[in-house]
Peer 1: 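Here's a structure for you.
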Amino acid sequence: MDDREQQRKVKRRLAMIRHAQEVTGNVAQTCRYYGISRQAYYKWLRRYEELGEDGLRDGSSVPLHCPNATKTEVVGKILYLRQHYHFGPHKISMYLARYHDITISPSGVWRILNRLGMSRLPTSQRYKRHKDRWKRYEKPLPGHRIQVDVKFIEPLAGSRKKHYQYTAIDD
């Protein structure tokens, strides 16, 4: 929330307090007019009396402690496996369960990687299935596999004889 929105809320809350004190003198009527509960009104009144206008600002809603957060050691191991071995979330989860006795779901690993900006590997580092990898045609014996190409060569001026070029490459 930006500062202008905070200032707008402070002005509205201050207007509610002044309305109850100066205009109506009745808290219940003011609360009905502004559409808030009496408990909310008295909360803002108590804060205004203790802290002044700063008490009418919204406080932070960030929790002080998160007991279910993934431990930093586990996050470090996930990052290490991703950076050095280019493992995906499923493989990292399996590796941690097998070798470190750490149970974390693949979706939890993915959320950690995504939060740290490492959700996708570059194309060159992605895992390719064995059948999709580049395959060389190397054979154990020479002449076992030959690639043959035939090319027609235009006849020379004044000659009627056809010429062909044969090329054989041993893979």
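Everything numeric here is computed off the predicted structure, so don't read it as measured data.
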Peer 1: I'd like to know if Asp2 and Arg8 make a salt bridge, using a cut-off of under 4.0 Å between side-chain N and carboxylate O.
Peer 2: no

Peer 1: Do other residues, nucleotides or ligands put more than 12 heavy atoms under 6.0 Å from the OH atom of Tyr99?
Peer 2: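 12 or below, so no.
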
Peer 1: Please answer whether the main-chain N or O of Ile104 pairs with a side-chain N or O of Ser93 as donor and acceptor at a distance below 3.5 Å.
Peer 2: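 Side chain of Ser93 to backbone of Ile104: a pair is present.
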
Peer 1: Looking at OG of Ser37 and NZ of Lys43, how far apart are the two atoms once the value is rounded to the nearest 0.5 Å?
Peer 2: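 If I round to the nearest 0.5 Å, the distance is 8.0 Å.
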
Peer 1: Where do Ala15 and Tyr34 come nearest, in terms of heavy atoms and distance?
Peer 2: O-OH, 3.8 Å

Peer 1: Test of understanding: clusters of I, L, V, M, F, W, Y form through side-chain heavy atoms closer than 4.5 Å, transitively. Do Leu81 and Met118 belong to the same one?
Peer 2: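 They do share one cluster, since a chain of ILVMFWY contacts under 4.5 Å joins Leu81 to Met118.
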
Peer 1: Between atom NZ of Lys77 and atom CG of Leu96, what is the distance when rounded to the nearest 0.5 Å?
Peer 2: 7.5 Å

Peer 1: Going from CZ on Arg46 to CH2 on Trp44, what distance comes out if it is rounded to the nearest 0.5 angstrom?
Peer 2: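 These two atoms lie 10.0 Å from each other.
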
Peer 1: Side-chain contact, heavy-atom cut-off 4.5 Å: Gln165 with Thr167?
Peer 2: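 Touching, per the 4.5 Å side-chain cut-off.
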
Peer 1: Whether the side chain of Thr30 engages the backbone of Asn26 through a donor-acceptor N/O pair (distance < 3.5 Å, no angle test) should be reported.
Peer 2: yes

Peer 1: Could you check whether any side-chain heavy atom of Leu45 comes within less than 4.5 Å of a side-chain heavy atom of Val27, counting everything from C-beta outward?
Peer 2: no

Peer 1: How far does CG of Leu56 sit from CD1 of Ile17, to the nearest 0.5 angstrom?
Peer 2: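 Answer for the CG-CD1 pair, Leu56 versus Ile17, is 5.0 Å.
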
Peer 1: For residues His90 and Pro106, report the shortest heavy-atom separation together with the two atoms involved.
Peer 2: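 Reported closest heavy-atom pair: ND1-CG, 3.5 Å.
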
Peer 1: CG of Leu121 to CZ of Phe87: how many Å apart, nearest 0.5 Å?
Peer 2: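 Taking CG in Leu121 and CZ in Phe87, the distance rounds to 11.0 Å.
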
Peer 1: Side chains of Arg12 and Lys9: closer than 4.5 Å at any heavy-atom pair?
Peer 2: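 Arg12 vs Lys9: side chains apart.
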
Peer 1: With the 4.5 Å side-chain cut-off for hydrophobic clustering, are Leu14 and Tyr33 part of the same group?
Peer 2: yes

Peer 1: Show the nearest heavy-atom pair for residues Ile146 and Ala168, with the distance to one decimal.
Peer 2: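 That closest heavy-atom pairing would be CG2-CB, 3.9 Å.
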
Peer 1: Is the side chain of Arg82 donor-acceptor paired with the backbone N or O of Ser119 at a distance under 3.5 Å, no angle test?
Peer 2: yes

Peer 1: For the residue pair His100 and Tyr95, does the interplanar ring angle fall in the parallel (under 30°), tilted (30 to 60°) or perpendicular (over 60°) class?
Peer 2: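 It falls in the tilted class, 30° to 60°.
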
Peer 1: Does one hydrophobic cluster hold both Ile102 and Leu113, with members joined at side-chain heavy-atom distances below 4.5 Å?
Peer 2: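 Result: yes, single cluster for both.
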
Peer 1: If you group Ile, Leu, Val, Met, Phe, Trp and Tyr by side-chain heavy-atom gaps below 4.5 Å, do Ile153 and Tyr164 land in one group?
Peer 2: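 As far as the 4.5 Å side-chain criterion goes, Tyr164 and Ile153 are not connected within one cluster.
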
Peer 1: Taking atom NZ of Lys11 and atom CD of Glu53, what is their separation to the nearest 0.5 Å?
Peer 2: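 Separation between the atoms: 9.5 Å.
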
Peer 1: Just wondering, more than 12 heavy atoms not from His86 lying within 6.0 Å of its NE2?
Peer 2: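 Counting other residues, nucleotides and ligands, NE2 of His86 exceeds 12 neighbours.
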
Peer 1: Are Val75 and Tyr85 grouped together when hydrophobic residues (ILVMFWY) are joined by side-chain heavy atoms under 4.5 angstrom apart?
Peer 2: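 Both belong to a single hydrophobic cluster.
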
Peer 1: When you compare the side chain of Gln7 with that of Arg57, does any pair of heavy atoms fall below 4.5 Å?
Peer 2: yes

Peer 1: Can you spot which of Val109, Asn114, Leu116 makes a side chain to side chain contact (heavy atoms under 4.5 Å, CB included) with Ile112?
Peer 2: Leu116

